[in-house]
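First the structure, in the form of C-alpha cells, and then the observations on it.
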Amino acid sequence: MSISEGENVKGRYLITTPIYYVNDKPHIGHAYTTIAADVLSRFHRLKGEQTFFLTGTDEHGSKVAEAAEKAGISPQQLCDKNSQFFRNAWQELNISYDYFVRTTDQRHIQAVTVLLNKLFSAKDQKGEKVVYSGEYSGLYCVGCEKFITEKDLVDGLCPSHLKPPQSLTEKNYFFRLSSYLPLVQKLISEDKIRILPEEKKNETLGLFKQGLEDFSISREKVTWGVTLPFDPSQKAYVWVDALPNYISAIGYGDNPEEFKKWWSGGKVIHLIGKDILKFHNIYWPAMLLAAGEKTPDLLFVHGYFTVDGQKMGKSLGNVIDPHRLIEKYGSDATRYLLLTQFPFGQDGDIQEKRLENKYNSDLANDFGNLASRVLKLIKENFSGEIPEPEDYQKEEKELQAQAVDTVRKVFDYIEEISINQGIDEILKLVRLTNRYVDKTAPWNLAKAGDKSRLRTVLYTSAETIRVISLLFYPVIPQKASKLRETLGFKEKELIPSLEKEKDWGYLKPGTKIGEITALFPRLSEKEKKAVEISKEKKMENQISIEEFAKLDFRVAKVLEAERVEGAKKLLKLKVEFGEEKREIVAGIAEHYKPEDLSGKTIILLTNLKPARIRGIESNGMLLAASEGGNLVLLTTDKEINPGAKIS
RNA sequence: GGCGGCGUAGCUCAGUUGGUCAGAGCAGAGGAAUCAUAAUCCUUUUGUCAGGGGUUCGAAUCCCUUCGCCGCUACCA
C-alpha cells in the first residue's frame, strides 16, 4: 500500500480531463471541462510549476464497433476519424494539452495489460485474490450481439432490432471492490483523496452507505477492446480500460521513471463531470490501491448545464456545437463566457442573451475599452512611448496595492479550483482601473499641460493593464498576448511569467507601443440576431392537447390478481380491455387484497413504456389517487365496456 | 420510499466557524463626463434571505418541520 509514499513535490501537477467517447461529436459540455482544465494548467505554468495536462479519447467498446460496421470502415478507422474531431475542436479553442491519449494507442493497451496482470496477481489484506471470475447476467440482444441496459430499450425492445432482449449470463472477471471500500472511504473522509466541491464529497460518502458491489472488469461478447492477458477469450470492460488512461499516458506501461515523476511525485488532479463520479471517486482509487499505487489527490466534480432552461440532448436538438460559439465570439471569448456563466462545480443554465450581455459588458466595455482608452492616450500624448512615472500619489499607491493584492487572490482561488472567483477578481481590478482613469482624468491633465502628472497617471494605468494581461492570460491567451504585444512586449514575453513580473514596475518606460486595435469589438444588435437561436419558450407544466392525446387511457377490467413473490407492495394483475389482455404490475398490495380486485373496473394507461419490475414485465399503469398513506383506485362512474377510450 | 443537494433583489449568484450580512455583477431609473469599442464614472428602486416553529442577548447562517425544484437509488409505474 503506497498511499504514504505520496510525498508530493511542491509545484508539480498532473491535470486531467475525462477522456471523451469517440462516438460523440465534441459538444459544449466536452469543451467546458477541457477549457477549465486548460485554464488551470496555464495558471500553474504561469507560476512556473511543472504541469502535465492530459486529455484524450476513449475508443473501445461495442458501440464503436457497431458504428464502424455501419459506416463500412474498420473500428480503428472510425476512431482515427472521430478522435481527430476532438483534436480539431481543442485546437480551435487553444487547448494546450501536453499529451492526447487514445485508448487504442499501443502504449495504452500495453499499460492496461500491465495493470490487469498486476491486479490479477494481487491479493487483498485478507489474502484473497482481487480479481475473481464470476457470472454476469443482463439483457442480451442477439441481433446486436451485446448486452443492453434497460434504459436503452424502446417499448421493451431493442431499438435497433425491435426484438425483446433475453436474459443471459456470461462468465466475467470481477474486481473485489469490497476489500477496498473501507480504506477508500477513509481516504475520502480524511481528504487524502480530496473531493470538491464539498457537496460532491458528501454525495460520494453517501454512496458507501447505499452499498457498493464488486464490479465486472471484463466482457466476453465484446470484440473491440483490450484482451485480458490472463484470459484471451475476454476483453477489458470500460472502467479498467478507460480509467487507466491517466497513468498509461505518463508511462505506466513503458516508462516507470516518467510515471513516478508525475504520479507519485506530483499532485494529481482529475476534473470530471458528475455522471462519472462513482467511477472516479470510488472505483478508480480502489483499483489503484489494489495495484499498489497512490490515489489521486484531488477530484473536482463540475456541474452540468442546461441550455435556455432545457436539458441538452441529441433528441432535443439543442446540443451546442462549440464551433458556433467560436464563430460568434471568437475562441478566447468563448472560453471566458463558458467559464463565467455559473460557478464551476455547480449546475447552471446557458442562455444566449446572457452570453451576449456578458461579452459586451465584461470583455468589450470594461476590459477592451479600458485598454483602448489608456493606450490611445499614451499614443496621443507621448507619441506612443510608455511614459516614465514621477510622483506616485495616494490614488496610484492604492491602485498598485490593489493590483498586487489581486495577483495573490487570483492564484489563491485557482489553487482551490475556484475558477469563477479568480476571474471575478480580475474583472474587479479592471473596473477599479476604469474608476482610477475616470478619477484622475488624464485628458484634463493633457489639456492643462500637466505633463508630469499625466506621465504618472498613464504609466500607472498601463502598468495595471499589464498586470491584468498577466492574470488574464490563462483564460484568454490569444487576446492577452495581443494586448501585451500592443503594450510593447516582444515575442518572448508575450507569454507572461509570474516570477518575473509579479512586482510593480515591470513595464519599462520608453517602450514603444504597438498598433491599437479593439480587443473585443462590441457585438452590434445585428450580429446578435444573426446567430440567435431563441425559440418559443414553452409554458412550464403545461402540455398541449396533442401531448395529452398521446396518452392512451382505457377502461379495463381486472381478470385476476396475485401477490408478487417477495415484494411487499406489488401485485401482478391480468387485465382485459377490448380484445386485448395484458399483465401489469402495480404497487397497491398494501391497500388492496388480490381477491378483492378481480372483476374490478380500472383506468389503465396502455401505451406506457413497459418496464421490468421484480423480473416481471409490466405493460401499463393503472391509475390511483393517493394522499398521505391512503390510496384508492380510479374507476368509472357507470358501467361501460372495457376498452372504452378515455379523453 | 431511501440518500444527497438546492430554494438570498427582475436575472446570475457572494454571503468560512451565528453578532454592520442584507450584498456584487447584469438589467431598470436619474445624473456626470467626453480620453475611449455610443464605451466609462457616480447615484438610485425592488428583497417577510421559500413558509412555519425552536435554540440564543442576537440567525440567511444552528435544530425541527412544511412546501417547491433537482440528482442518484429502490420491491413507483
Side-chain angles (χ1 to χ4, degrees), chain A residues 197-212 274-275 277-278 303-304 306 311 340-343 346-351 353-358 360-381 416 418 420-421 424 427-428 430-447 454 457-458 461 516-524 540-541 563-571 584-590 604-605 608-624 626 629 631:
Chain A
E198 194 74 16
E199 303 95 82
K200 297 298 185 214
K201 174 181 169 185
N202 294 337
E203 196 176 323
T204 307
L205 289 171
L207 288 173
F208 287 95
K209 274 188 263 171
Q210 297 198 0
L212 290 152
K274 60 182 187 177
D275 54 329
L277 178 143
K278 182 160 88 177
Y304 266 14
T306 48
K311 224 177 218 174
T340 54
Q341 285 301 293
F342 53 89
Q346 286 184 23
D347 288 350
D349 189 40
I350 300 242
Q351 288 167 22
K353 259 253 105 47
R354 287 224 319 270
L355 293 175
E356 289 167 356
N357 272 343
K358 213 157 170 58
N360 272 348
S361 67
D362 290 5
L363 295 177
N365 298 353
D366 286 351
F367 177 50
N369 180 54
L370 169 68
S372 265
R373 65 197 301 214
V374 170
L375 287 162
K376 285 199 176 162
L377 282 163
I378 291 175
K379 190 180 169 193
E380 293 299 310
N381 292 289
E416 292 294 299
S418 299
N420 293 273
Q421 272 126 306
D424 206 47
L427 247 284
K428 275 187 194 159
V430 168
R431 297 197 184 99
L432 227 49
T433 314
N434 265 322
R435 241 171 274 169
Y436 167 79
V437 173
D438 266 53
K439 211 187 289 174
T440 52
W443 49 93
N444 287 339
L445 296 171
K447 276 181 206 154
L454 184 60
V457 166
L458 288 184
S461 308
I516 302 163
T517 51
L519 277 181
F520 295 100
R522 271 180 70 84
L523 288 180
S524 64
E540 277 167 44
N541 296 325
R563 286 187 173 279
V564 173
E565 193 96 10
K568 260 194 305 207
K569 297 183 183 171
L570 297 183
L571 289 184
I584 67 167
V585 177
I588 55 171
E590 286 175 327
L604 186 72
L605 176 60
L608 185 67
K609 208 165 122 177
R612 290 190 88 74
I613 299 154
R614 289 295 275 193
I616 304 163
E617 187 166 281
S618 179
N619 293 291
M621 175 170 81
L622 61 77
L623 299 192
S626 65
L631 182 144

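Labels below follow one simple rule: chain letters A, B, ... track the order of the sequence lines, proteins then strands, and each chain is numbered from 1. Hydrogens, waters and symmetry mates play no part in the numbers below; they use all other heavy atoms, side chains included.
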Checklist entry - Are side-chain heavy atoms of Val457(A) and Tyr436(A) found at a separation under 4.5 Å? => result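 Val457(A) reaches Tyr436(A) side chain to side chain.
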
Item to check | Non-hydrogen side-chain atoms of Met621(A) and Leu604(A) separated by less than 4.5 Å | outcome: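 The answer is no; the side chains never approach within 4.5 Å.
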
Checklist outcome for this item: Encoded 5' to 3' (Watson-Crick or G-U under 3.5 Å; [ ] crossing; | other strand), RNA chain B becomes (((((((..((((.....[...)))).(((((.......))))).....(((((..]....))))))))))))....

When the [atom1] atoms of [N] and [M] are considered, how many whole Å apart are they?
{"N": "G18(B)", "M": "C57(B)", "atom1": "P", "answer": "15 Å"}
{"N": "C42(B)", "M": "C49(B)", "atom1": "P", "answer": "29 Å"}
{"N": "G19(B)", "M": "G58(B)", "atom1": "C1'", "answer": "6 Å"}
{"N": "C64(B)", "M": "U43(B)", "atom1": "P", "answer": "43 Å"}
{"N": "A27(B)", "M": "U20(B)", "atom1": "P", "answer": "30 Å"}
{"N": "C21(B)", "M": "A59(B)", "atom1": "P", "answer": "16 Å"}
{"N": "G53(B)", "M": "U48(B)", "atom1": "C1'", "answer": "15 Å"}
{"N": "U37(B)", "M": "U44(B)", "atom1": "C1'", "answer": "27 Å"}

What is the distance from atom [atom1] of [X] to atom [atom2] of [Y], rounded to the nearest 0.5 Å?
{"X": "Leu605(A)", "Y": "Leu623(A)", "atom1": "CG", "atom2": "CG", "answer": "7.0 Å"}
{"X": "Lys358(A)", "Y": "Asn360(A)", "atom1": "NZ", "atom2": "CG", "answer": "12.0 Å"}
{"X": "Lys274(A)", "Y": "Lys200(A)", "atom1": "NZ", "atom2": "NZ", "answer": "5.0 Å"}
{"X": "Arg431(A)", "Y": "Asp366(A)", "atom1": "CZ", "atom2": "CG", "answer": "5.0 Å"}
{"X": "Leu363(A)", "Y": "Leu427(A)", "atom1": "CG", "atom2": "CG", "answer": "7.5 Å"}

In this structure, how many angstroms lie between the [atom2] atom of [N] and the [atom1] atom of [X], rounded?
{"X": "Asp362(A)", "N": "A24(B)", "atom1": "CG", "atom2": "P", "result": "17 Å"}
{"X": "Gln341(A)", "N": "A14(B)", "atom1": "CD", "atom2": "P", "result": "14 Å"}
{"X": "Phe367(A)", "N": "A36(B)", "atom1": "CZ", "atom2": "P", "result": "19 Å"}
{"X": "Leu427(A)", "N": "C13(B)", "atom1": "CG", "atom2": "P", "result": "17 Å"}
{"X": "Asn360(A)", "N": "G25(B)", "atom1": "CG", "atom2": "P", "result": "18 Å"}
{"X": "Lys439(A)", "N": "A32(B)", "atom1": "NZ", "atom2": "C1'", "result": "15 Å"}
{"X": "Leu207(A)", "N": "A74(B)", "atom1": "CG", "atom2": "C1'", "result": "14 Å"}
{"X": "Leu432(A)", "N": "A24(B)", "atom1": "CG", "atom2": "P", "result": "15 Å"}

Side-chain atoms of residues 368-375 of chain A: list all donor-acceptor pairs with protein atoms under 3.5 Å, sequence neighbours left out, distances to 0.1 Å.
from      : atom 1 : to        : atom 2 : distance (Å)
Arg373(A) : NH1    : Asn434(A) : OD1    : 2.9
Arg373(A) : NH1    : Asp438(A) : OD1    : 3.3
Arg373(A) : NH2    : Asp438(A) : OD1    : 2.9

Using a cut-off of less than 4.0 Å, is there contact between a side-chain N or O of [X] and OP1 or OP2 of [N]?
{"X": "Lys447(A)", "N": "C35(B)", "result": "yes"}
{"X": "Arg522(A)", "N": "A39(B)", "result": "yes"}
{"X": "Lys376(A)", "N": "U37(B)", "result": "yes"}

Of the nucleotides [options], which one has an atom closest to the side chain of [X]?
{"X": "Ser372(A)", "options": "U40(B), U37(B), U34(B)", "value": "U37(B)"}
{"X": "Asp438(A)", "options": "U37(B), C35(B), U40(B)", "value": "U40(B)"}
{"X": "Arg373(A)", "options": "C75(B), C41(B), C35(B)", "value": "C35(B)"}
{"X": "Glu203(A)", "options": "U37(B), G25(B), G4(B)", "value": "G4(B)"}
{"X": "Gln421(A)", "options": "U12(B), G15(B), U34(B)", "value": "G15(B)"}
{"X": "Leu377(A)", "options": "C41(B), U12(B), C35(B)", "value": "C35(B)"}
{"X": "Asn365(A)", "options": "C42(B), U40(B), C35(B)", "value": "U40(B)"}

Checklist entry - Judged by atom type as modelled, is there a donor-acceptor pair below 3.5 Å linking the side chain of Asp424(A) to the main-chain atoms of Asn420(A)? => result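 Checking the backbone N and O of Asn420(A) against the side chain of Asp424(A), no donor-acceptor pair under 3.5 Å is found.
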
Next on the checklist: Between Leu207(A) and Leu277(A), is the side-chain contact (heavy atoms from CB on, under 4.5 Å) condition met? List the steps.
Outcome noted: CA-CA 10 Å; Leu207(A) 288 173; Leu277(A) 178 143; 3.7 Å; yes

With sugar-phosphate meaning primed atoms plus P, OP1 and OP2, does [X] contact a base, only sugar-phosphate, or nothing at under 4.0 Å between heavy atoms?
{"X": "Leu605(A)", "answer": "nothing"}
{"X": "Asn381(A)", "answer": "nothing"}
{"X": "Pro442(A)", "answer": "nothing"}

Next on the checklist: By nearest heavy atom, map Val374(A) and Asp424(A) onto RNA chain B; which one lands nearer the 5' end?
Outcome noted: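 On the 5' side of the pair lies Asp424(A).
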
Checklist entry - Is there a donor and acceptor pair closer than 3.5 Å between the side chain of Asn369(A) and the base of A36(B)? => result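 Side chain to base: pair found, below 3.5 Å.
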
